[in-house]
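Order of the sequence lines fixes the chain letters, A, B, ..., with proteins taken first and strands second; residue numbering starts at 1 for each chain.
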2 protein chains.
Amino acid sequence: MTRTRPETRIQARNRAAILEAALDVFSAHGFRGATLDQIAAAANLSKPNLLYYFPSKDAIHDALLAGLLDTWLDPLRALDPEGEPLEELLAYVRRKLEMSRDLPRESRLFANEIVQGAPRIHATLSSDLKSLVDEKARVLTGWMAAGRIARVHPHHLIFSIWSLTQHYADFDVQVRAVLGDEDPFDSAPAFIETLYRKLLSP
Amino acid sequence: MTRTRPETRIQARNRAAILEAALDVFSAHGFRGATLDQIAAAANLSKPNLLYYFPSKDAIHDALLAGLLDTWLDPLRALDPEGEPLEELLAYVRRKLEMSRDLPRESRLFANEIVQGAPRIHATLSSDLKSLVDEKARVLTGWMAAGRIARVHPHHLIFSIWSLTQHYADFDVQVRAVLGDEDPFDSAPAFIETLYRKLLSP
DNA sequence: CGTTGCTTTGACCTTTTGGTCAAATCATTC
DNA sequence: GAATGATTTGACCAAAAGGTCAAAGCAACG
């Protein structure tokens with residue numbers, strides 16, 4: 001029986017600082033490209049101190065990914081089968097685009113992980129993610145069968161939303177290099193909304 | 001005056017083997033995640049032998065990126081201002097999707113680079129890439145002004161093609177985890193073609 | 001205000017990794 | 001087939017990086 005002591009104020013503050021710093025560093029350099037020294041420096045802690053709060057580099061990364069996956073899928077979970085189809089989908093798209101704008105580091109953390117073959121979350125993808133997407137794909141199929149939105153491949157429809165919205169976070173430098181001064185988030189929402197209105201009008 | 005000796009057969013073979021091996025390793029693990037030992041092993045060479053052909057890890061990576069950037073942008077260059085607008089755009093989309101299917105490692109090499117802020121090719125993006133995209137955006141704008149395709153933001157239109165097509169290479173594991181047995185490249189082309197037909201019909 | 005347990009750190013260890021070098025081997029050409 | 005230059009390698013090096021540990025510093029509570 002190990003007694004679980006309550007978390008002290010210092011622990012709460014330092015753990016939060018570490019995760020914040022780690023998100024910065026991991027999202028910018030990938031898992032292998034990030035170093036404990038960088039993370040410790042960004043969190044204003046010494047390296048041994050950092051390792052007092054998390055047992056290893058992997059543990060920090062895992063904690064981040066686990067905590068984020070839920071947040072990341074919330075917008076899709078919120079897609080309401082009882083709602084007005086087109087509005088539900090546009091709301092989902094909007095929410096995803098807001099996340100790309102407001103949480104780009106989180107998006108890039110996932111992008112790094114997935115591009116490199118998702119070594120750490122492959123199992124989660126094939127179980128949790130797949131079943132969530134399958135469930136929502138059935139909702140979409142129902143809407144299509146009822147003639148409430150146009151008939152398209154439901155899974156690819158979802159992929160298209162992911163790719164179009166996350167592109168603005170993951171490929172931010174490229175987008176901005178091409179766009180120059182124009183802020184992508186000024187013009188992207190209208191473009192993407194138009195796209196889905198045209199695609200999905202029955 | 002340094003005399004440039006012609007490349008021997010052995011040199012040609014080994015340099016090619018190294019670049020092939022490096023593409024494998026860099027695209028799978030990112031720059032920092034790849035090691036010279038891995039690349040050397042994949043190329044069937046000893047590490048010092050590898051460094052006889054390329055002076056450093058950076059040099060190998062640079063050689064890959066430089067060689068690939070051109071290939072990567074060829075489909076966009078091929079967009080013909082004199083062609084039939086919708087057909088030109090659909091051909092571009094098709095070509096990009098084929099590249100995702102046939103050259104996924106190349107796509108992931110770029111994805112790794114860009115997600116991490118494009119430290120090595122930032123300058124190229126803001127000069128060469130930007131001017132190519134701007135040029136083609138003007139072509140699109142012309143087509144829109146002439147009423148030959150629907151009016152949408154031309155840059156975002158191009159971004160959408162990049163993101164929709166490259167998603168199938170860069171996020172391959174995720175797509176396959178969600179799709180199960182279905183091959184994404186069986187169903188994606190039809191979905192994407194439909195999408196652009198609906199978006200762009202005047 | 002001293003004890004207890006939480007927190008922090010300097011010093012250190014080991015492994016990994018990019019890179020060097022001199023010597024050996026191999027190919028080619030005269 | 002000897003000489004010349006291209007190719008290959010084992011041994012080695014220094015720096016970076018993940019991680020350990022014992023001791024010191026602090027906070028809080030009785």
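Put simply, N14(B) has a side-chain N or O that comes within less than 4.0 Å of OP1 or OP2 on dT8(D). Here N49(B) reaches the OP1 or OP2 of dT9(D): one of its side-chain N or O atoms lies under 4.0 Å away. Taking 4.0 angstrom as the limit, Y52(A) places none of its side-chain polar atoms (N or O) nearer than this to OP1 or OP2 of dC21(D). Between R32(B) and the phosphate of dT16(C), there is no side-chain N or O to OP1/OP2 separation shorter than 4.0 Å. Q11(A) has no side-chain polar atom (N or O) that falls below the 4.0 Å cut-off from OP1 or OP2 of dC6(C).
Taking atom CZ on F26(B) and atom C1' on dG18(C), their separation rounds to 11 Å, with Å as the unit. One atom, CG of L36(A), and another, P of dA15(D), lie 21 Å apart when rounded to the nearest Å. Rounding to whole angstrom units, CZ of residue R13(B) and P of dT8(D) are separated by 7 Å. Counting to the nearest Å, the C1' atom of dG18(C) and the CG atom of D62(B) are 15 Å from each other. Across the protein-nucleic acid pair, L50(A) atom CG and dA17(D) atom C1' stand 13 Å apart, rounded to whole Å. Between R15(A) atom CZ and dT8(C) atom P the separation is 11 Å, expressed in whole Å. With rounding to whole Å, L51(A) atom CG is found 14 Å from dC13(C) atom C1'. The interatomic distance linking F54(B) (CZ) with dT20(C) (P) rounds to 15 Å, in whole Å.
Side-chain atoms of K57(B) stay outside donor-acceptor range of the base of dG19(C), with no qualifying N/O pair under 3.5 Å.
Take the nearest nucleotide of DNA chain C for P55(B) and for Y53(A): the residue whose nucleotide is more 5' is Y53(A). Between F31(B) and I10(A), it is I10(A) whose nearest contact on DNA chain C lies nearer the 5' terminus.
Outside the 6.0 Å centre-distance limit, the rings of H153(B) and F159(B) are not counted as a close aromatic pair.
Here the side chains of L69(B) and L65(B) are not in contact, with every heavy-atom distance at 4.5 Å or above.
Within 4.0 Å (heavy atoms only), A34(A) reaches sugar-phosphate atoms of the nucleic acid but no base atom.
Note: F31(B) and H61(B) have perpendicular aromatic rings, judged against thresholds of 30 and 60 degrees for the angle between ring planes.
For S46(A), the side-chain atoms get nearest to dT9(C) when compared with the rest of dT17(C), dT9(C), dG19(D).
For R197(A) and E193(A), the salt-bridge test passes: some basic side-chain N is under 4.0 Å from an acidic carboxylate O.
The distance from the CD1 atom of I18(B) to the CG atom of L50(B) is 4.5 Å, given to the nearest 0.5 Å.
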